[in-house]
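Below: the structure, in structure tokens.
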Amino acid sequence: MIPGDGIGTEVIEAARTVLDAACARHGVSLEYTEFDWSCQRYEREGAMMPADGIETLRGFDAILLGAVGWPGVPDHVSLWGLLIPIRRAFRQYVNLRPIRVFDGVQSPLRVADDVDFVVVRENVEGEYSEVGGRMNRGFPDEMAIQESIFTRVGVSRIADFAFELAATRRGYVTSATKSNGIVHTLPFWDEVVAERAALHPDVRVDSEHIDALAAKFVLQPQRFDVVVGSNLFGDILSDLAAAVAGSIGIAPSANLDPTKEFPSMFEPVHGSAPDIAGQGIANPVGAVWSAAMMLEHLGHGAAAADVLRAMETTLSKPETRTRDLGGTATTAEATQALVAALG
């Protein structure tokens with residue numbers, strides 16, 4: 001467990017409370033180790049995590065992360081000092097973000113019934129590569145170059161994951177591209193996705209340009225089942241989809257090594273929210289849902305399903321929803337309601 005910064009510490013405490021209740025009900029035993037790796041640690045010691053942090057984590061089955069980020073510490077420092085090194089060292093090439101509009105949660109869209117899809121984001125290469133640099137700093141001709149890296153292995157494995165996931169759902173994959181404007185990497189993406197699609201004839205596949213796809217997320221969110229995209233496209237689309245679902249406060253994510261050779265990492269996507277930290281009003285559902293995804297990944301599907309049902313119950317009533325969802329509950333009250341709903 002890495003609670004991190006701001007409301008991360010609050011929602012991770014809530015997630016652990018719900019995890020303990022679900023696991024007790026199903027006879028599952030979890031052992032926790034907590035690390036104080038955060039922006040506060042960076043300010044004290046000059047690093048988000050210790051030099052041997054990756055080796056320390058290597059022996060765990062899963063990582064549950066709250067949030068990182070705090071005023072005064074640049075975002076690229078907090079991100080590249082903790083989250084991205086973990087993703088890359090442990091080959092967590094799938095970022096999985098389920099999207100649902102729950103009963104009782106008001107979407108900003110006029111019609112948002114039956115919205116239930118998953119964004120599958122390539123998580124370790126693409127536009128977020130480390131290749132590039134800056135020159136002529138401080139001069140009028142200062143410049144920056146950032147290279148996108150798309151490999152056949154990387155595109156193939158994320159496409160395969162998306163097709164295999166769709167086969168367990170409604171059998172429909174949408175691939176995000178921009179091959180009409182980005183002349184090398186995205187045509188390559190399209191070609192490899194088409195090759196992998198041919199190996200999954202029972203799954204229907206569409207390719208959509210990212211600008212049109214973003215519009216369709218708003219206009220026709222019900223049509224989607226599994227959406228697969230590059231690192232940048234998946235990052236943007238998944239946050240847009242969370243907003244369509246009513247609140248980024250309930251949005252979970254999983255950073256997966258599907259081979260399970262390395263630990264996978266689970267985190268809500270709402271960030272550390274310094275503006276409400278310490279007030280006891282943070283929405284714990286994103287962290288709780290992330291914890292349920294962790295249980296599923298670890299092979300405890302029944303316990304994970306119970307947590308999801310508890311979420312459905314508490315989100316349906318204003319007295320057990322937090323204020324960001326139009327409810328009245330504090331973080332602690334929402335957490336206790338989730339535990340009660342587990343039975």
Side-chain angles (χ1 to χ4, degrees), residues 1-3 11-35 54 56-66 83 86-100 116-124 157-158 160-171 200 203 225-226 228 250-269 284-313 335 338-339 341-343:
M1 292 173 56
I2 307 174
V11 298
I12 285 298
E13 181 181 354
R16 178 168 178 174
T17 299
V18 176
L19 271 174
D20 287 343
C23 290
R25 188 166 186 256
H26 287 269
V28 176
S29 177
L30 294 182
E31 181 182 346
Y32 302 98
T33 303
E34 186 170 319
F35 300 100
I54 295 298
T56 299
L57 294 175
R58 193 177 296 275
F60 290 88
D61 295 310
I63 303 159
L64 189 59
L65 173 69
L83 189 65
I86 291 172
R87 286 174 174 173
R88 298 191 173 183
F90 297 139
R91 311 284 279 187
Q92 295 169 352
Y93 66 84
V94 174
N95 186 264
L96 191 65
R97 298 194 183 186
I99 309 297
R100 280 184 57 185
D116 182 356
F117 64 95
V118 181
V119 176
V120 175
R121 167 191 174 192
E122 200 291 316
N123 208 32
V124 296
R157 66 191 180 187
I158 199 67
D160 286 342
F161 185 93
F163 286 118
E164 290 162 9
L165 178 61
T168 69
R169 291 173 51 89
R170 302 196 304 276
H200 302 273
V203 176
D225 179 21
V226 174
V228 62
I250 65 175
S253 75
N255 302 274
L256 301 177
D257 166 26
T259 71
K260 298 188 178 180
E261 178 182 356
F262 301 109
S264 292
M265 179 165 60
F266 303 82
E267 53 168 332
V269 301
V285 171
V288 169
W289 195 353
S290 299
M293 295 176 74
M294 183 185 74
L295 286 174
E296 180 74 32
H297 179 73
L298 294 174
H300 305 298
D306 264 5
V307 173
L308 198 60
R309 281 191 289 269
M311 286 168 40
E312 292 169 342
T313 298
T335 303
L338 285 161
V339 171
L342 283 167

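Fair warning: this is a prediction, and the values are worked out from it, not measured in the lab.
Scanning both residues, P268 and G66, for their nearest heavy atoms gives CG-O, 3.4 Å.
Proximity of V307 to W289: side-chain heavy atoms (C-beta onward) are nowhere separated by under 4.5 Å. In this structure the side chain of L57 never reaches within 4.5 angstrom of the side chain of M265, judged on heavy atoms. At least one side-chain heavy atom of H200 sits under 4.5 Å from a side-chain heavy atom of D160. Under the 4.5 Å side-chain criterion, counting only non-hydrogen atoms from C-beta, M293 is not in contact with L256. I86 places none of its side-chain heavy atoms less than 4.5 Å from the side chain of P263. With a 4.5 Å cut-off on side-chain heavy atoms, I250 and M311 do not count as touching.
The environment of R91 atom CZ is sparse: at most 12 non-hydrogen atoms of other residues, nucleotides or ligands sit within 6.0 angstrom. Enclosure of atom CG in D20 by more than 12 non-hydrogen atoms of other residues, nucleotides or ligands within 6.0 angstrom is indicated.
Side-chain N or O atoms of N123 include one that pairs as donor or acceptor with a backbone N or O of Q92 at under 3.5 Å.
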Take L308 and R100, measure what side-chain contact (heavy atoms from CB on, under 4.5 Å) needs, and give me the verdict at the end. CA-CA 11 Å; L308 198 60; R100 280 184 57 185; 3.9 Å; yes
Check the pair L165, L96 against side-chain contact (heavy atoms from CB on, under 4.5 Å), reporting the backbone distance first and the verdict last. CA-CA 10 Å; L165 178 61; L96 191 65; 3.9 Å; yes
Test side-chain contact (heavy atoms from CB on, under 4.5 Å) on R58 and F90 and set out the steps. CA-CA 8 Å; R58 193 177 296 275; F90 297 139; 4.1 Å; yes
L295 and H26: side-chain contact (heavy atoms from CB on, under 4.5 Å), yes or no, with the steps? CA-CA 11 Å; L295 286 174; H26 287 269; over 6 Å; no
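With sequence neighbours left out, the salt bridge (charged side-chain N to carboxylate O under 4.0 Å, His left out) criterion links E122 to no other residue.
Under the 4.0 Å criterion applied to side-chain N and carboxylate O atoms, D116 and R170 are not assigned as salt-bridge partners.
Rounding to the nearest 0.5 Å gives a distance of 10.0 Å between OH of Y32 and CD1 of I12.
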